[in-house]
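Accompanying notes for the structure given below.
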Amino acid sequence: MDSLIDDEELRWIISWGVSERSVALEELNQKRELFGEQFLNEIADEYFKDKDIKIRPVAALLIGGIYYMTLIAHTNNGLMCGIDIRKEEAQTEIKKTLKQIVEWAYL
């Protein structure tokens, strides 16, 4: 989240990646997925194998939410549920909530 808030170029890459097809972006997405797959295979899948919680959808929704909130705030000066992610206090609250969701998933 911090990287997306601070790095306009990274936001452009994410925005470009969801709006256009490109060999370079497809390769970047594959590398990101390989990194995530390694984490999920080595840590998360084993922990969650006998639980009702499916961590992959939880992670996907959290990542997607972070992407959307940071993109909309910096592209159209948009709020999301009245939250302005460009403000430090809002970032603190979002991080706190992300932590709560992850802790909930691991219960």
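Not counting sequence neighbours, the partners of Gln100 by the side chain to side chain contact (heavy atoms under 4.5 Å, CB included) test are Lys96, Thr97. Qualifying side chain to side chain contact (heavy atoms under 4.5 Å, CB included) partners for Ile63, counting only residues two or more places apart in sequence or in other chains: Tyr67. For Glu46, the salt bridge (charged side-chain N to carboxylate O under 4.0 Å, His left out) partners are Lys49, not counting sequence neighbours. Residues that satisfy the salt bridge (charged side-chain N to carboxylate O under 4.0 Å, His left out) test with Arg86, not counting sequence neighbours, are Asp84.
Using a 4.5 Å heavy-atom cutoff, the side chains of Ile55 and Val58 are in contact. The side-chain heavy atoms of Leu4 and Met69, taken from C-beta on, include no pair separated by under 4.5 Å. Counting only heavy atoms from C-beta outward, the side chains of Val102 and Leu62 approach each other to under 4.5 Å.
Taken together through direct or relayed side-chain contacts under 4.5 Å among Ile, Leu, Val, Met, Phe, Trp and Tyr, Leu71 and Leu28 form parts of separate hydrophobic clusters. Hydrophobic clustering, with ILVMFWY side chains joined whenever heavy atoms are under 4.5 angstrom apart, groups Met80 together with Ile101. By the criterion of side-chain heavy atoms lying less than 4.5 angstrom apart, applied directly or through intervening Ile, Leu, Val, Met, Phe, Trp or Tyr residues, Val18 is not grouped with Ile72; the two fall into different hydrophobic clusters. By the criterion of side-chain heavy atoms lying less than 4.5 angstrom apart, applied directly or through intervening Ile, Leu, Val, Met, Phe, Trp or Tyr residues, Leu79 is not grouped with Met1; the two fall into different hydrophobic clusters.
Under the ring pair (Phe, Tyr, Trp, His ring centres under 6.0 Å) criterion, the residue pairs touching residues 87-107 are Tyr47-Tyr106, Phe48-Tyr106, with sequence neighbours excluded. Judged as a salt bridge (Lys or Arg N to Asp or Glu O under 4.0 Å), not a single pair has a partner in residues 63-73 (not counting sequence neighbours). Applying the ring pair (Phe, Tyr, Trp, His ring centres under 6.0 Å) definition to pairs two or more places apart or across chains, none involves residues 3-33. Residue pairs meeting the ring pair (Phe, Tyr, Trp, His ring centres under 6.0 Å) criterion with at least one member in residues 72-93, sequence neighbours excluded, do not occur. The side chain to side chain donor-acceptor pair (under 3.5 Å) analysis of residues 26-37, with sequence neighbours excluded, yields the pairs Asn29-Arg32, Glu37-Asn41, Glu37-Arg56. The salt bridge (Lys or Arg N to Asp or Glu O under 4.0 Å) analysis of residues 1-10, with sequence neighbours excluded, yields the pairs Asp2-Lys95.
With values rounded to the nearest 0.5 angstrom, Ile66 atom CD1 is found 11.0 Å from Leu61 atom CG. Taken to the nearest 0.5 Å, the OG atom of Ser22 stands 10.5 Å off from the CD1 atom of Ile13. Note that CD1 of Ile85 and CD1 of Ile94 are 4.5 Å apart. Values are rounded to the nearest 0.5 Å.
In the hydrophobic clustering, Phe35 connects to no other residue, as no ILVMFWY side-chain heavy atoms lie under 4.5 Å from its own. Taking a 4.5 Å side-chain heavy-atom cut-off between Ile, Leu, Val, Met, Phe, Trp and Tyr, the cluster of Leu34 contains only that residue.
When all heavy atoms of Arg11 and Ile5 are compared, the closest pair comes out as NH1-O, 2.9 Å.
With a 6.0 Å radius and a threshold of 12 heavy atoms from other residues, nucleotides or ligands, Glu20 has its CD atom above the threshold.
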